[in-house]
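To keep things clear, I will list the structure first and then write my remarks on it.
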Amino acid sequence: MRQYNTTQRILVTGGAGFLGSHLCDRLIERGHDVICVDNFFTGSKRNVEHLLDHPRFELMRHDVTFPLYVEVDQIYNLACPASPIHYQHDPVQTTKTSVHGAINMLGLAKRVRARIFQASTSEVYGDPSVHPQREDYWGNVNPIGPRSCYDEGKRCAETLFFDYHRQHKLDIKVARIFNTYGPRMHPNDGRVVSNFIVQALKGEDITIYGEGSQTRSFCYVDDLLDGFLRLMDTGPEVPGPVNLGNPNEFTIRQLAELVIELTASKSRLVKMPLPVDDPMQRQPDISLAKDALGWQPQVQLRDGLKKTIAYFDTLLADARPE
Ligand code: NAD
Ligand code: UDP
Ligand code: UDP
């Protein structure tokens, strides 16, 4: 650890993705040196374009399934496709990214004695039989289905984090992230918020999978990032796992109706088949985050959606021919 000032050298894997690029912004704002590592599978240079000339920012093309030797004080491990369409595109690579990626980043953290954060997920709870989900619930996950590469990969990564913690006394921080949305989501990544907004803005049909009675709890990206930083600022006595998400729960149909209202769109709602193993409900119990981090989300879905709609509106306008 460098002692001469409070600037830390921080590695962000998956730093050119949706959450990673916001995290890079926040760390640069805090005065840190940031190394952003990404293989650009789902992320893009465009997300960090504004940082490329910054003297404290460095972008490195690298796949975390291969070893990485850099000297850093902290690591945020976010590398992994997050949308079902992308993580199911090459499921073997998804598991490799979660598992080999975790091993490499933990090995790196062990060598340089860095504090290391893992972007885990509510998917470790699978299709939960306990509602809302607390951290001590072990989950209901299908080990052999189309979502398993992601769910089980992330579960194995959590196991590795806790074994490095117990075996090598590593300072770990595991966050279980619930559905998060905001600017810089990929317009085609298939997640529900980006799909509905893009469809509404283009006047296309809004695709509801199943009856739309399944629920999700949506967190705005700025709130989530506050949670990341607060967790990373705690001492080694708080390894997690800690749920980070917004406990306000909505049905998918309610989300569609809200998007239509806020975009004043003429789009119609159409039903499509429900994907295999699609969880019926999801809501975080955030008591632990409230107690241990003094954290809770501030942004209501309506306000967060307005900001996200404004982002996609500009993005689509830029893409339109003159
Ligand atoms: P994203 O797809 O926008 O970002 C993932 C980034 O990781 C991309 O930039 C991608 O190119 C990069 N990446 C993928 N495989 C890689 C590899 N092998 N080596 C290097 N880089 C690689 O998704 P996101 O929403 O920003 O998610 C970031 C992290 O947060 C992921 O680990 C995801 O599982 C987790 N998470 C996100 C959510 C959410 O709602 N956004 C919820 C739960 C968990
Ligand atoms: N590793 C890395 N960067 C480092 C140190 C290690 O990428 O700075 C990788 C290395 O490839 C190794 C993995 O992390 O396979 C796990 O490292 P660890 O020291 O835990 O185990 P070992 O080297 O004994 O397999
Ligand atoms: N969904 C939907 N229409 C879409 C995209 C998704 O109805 O165009 C549903 C999907 O079936 C799921 C929910 O919205 O029930 C959230 O999907 P997403 O892929 O965003 O995240 P996850 O299932 O991983 O929570």
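Start at 1 and go down the list; that is how both ligands and their atoms are numbered.
Using a 4.0 Å cut-off between heavy atoms, Q199 makes no contact with ligand 3 at all. Only the side chain of N179 comes within contact range of ligand 3, with a heavy atom under 4.0 Å; no backbone atom does. For I252, every heavy-atom contact with ligand 3 shorter than 4.0 Å involves the side chain, none the backbone. Counting heavy atoms under 4.0 Å from ligand 1, residue Q93 touches it through the side chain alone. Proximity of M105 to ligand 2, defined as any heavy-atom pair under 4.0 Å, is not found for any part of the residue.
At the shortest separation from atom 40 (O) of ligand 1 among protein heavy atoms lies T180 N, 2.8 Å. In terms of protein heavy-atom proximity, atom 3 (O) of ligand 1 is nearest to F18 N, 2.9 Å. Protein heavy atom in closest approach to atom 13 (N) of ligand 1: N39 OD1, 3.3 Å. Of the protein's non-hydrogen atoms, the one nearest atom 12 (C) of ligand 1 is D38 OD1, 3.3 Å. Taking atom 19 (N) of ligand 1 as the reference point, the nearest protein heavy-atom neighbour is V64 N, 3.0 Å. Here the protein heavy atom with the shortest distance to atom 33 (C) of ligand 1 is Y150 OH, 3.5 Å. For atom 26 (O) of ligand 1, the nearest protein heavy atom (residue, atom name, distance) is L19 N, 2.8 Å. The protein heavy-atom contact nearest to atom 39 (C) of ligand 1 is R191 NH1, 3.4 Å.
Counting heavy atoms only, S120 comes closest to atom 44 (C) of ligand 1 of the residues S120, G182, G101.
Less than 4.0 angstrom separates some heavy atom of I103 from each of these atoms of ligand 2: 13 (C), 14 (O), 16 (C). If you number the atoms of ligand 2 from 1 as listed, the ones under 4.0 Å from a heavy atom of P67 come out as 7 (O), 11 (O).
Distances from ligand 1 to the non-hydrogen atoms of K154 include at least one value under 4.0 Å. Within the structure, ligand 1 lacks H86 among the residues with a heavy atom less than 4.0 angstrom away. Assignment of R147 to the shell around ligand 3 is supported, since a heavy atom sits closer than 4.0 Å. By the 4.0 Å heavy-atom criterion, Y181 is excluded from the residues contacting ligand 1.
At most 12 non-hydrogen atoms from other residues, nucleotides or ligands lie less than 6.0 angstrom from CG of D53. Atom NE2 of H50 is surrounded by more than 12 heavy atoms from other residues, nucleotides or ligands within 6.0 Å.
Looking at L68 next to ligand 2, an N or O pair under 3.5 Å apart turns up.
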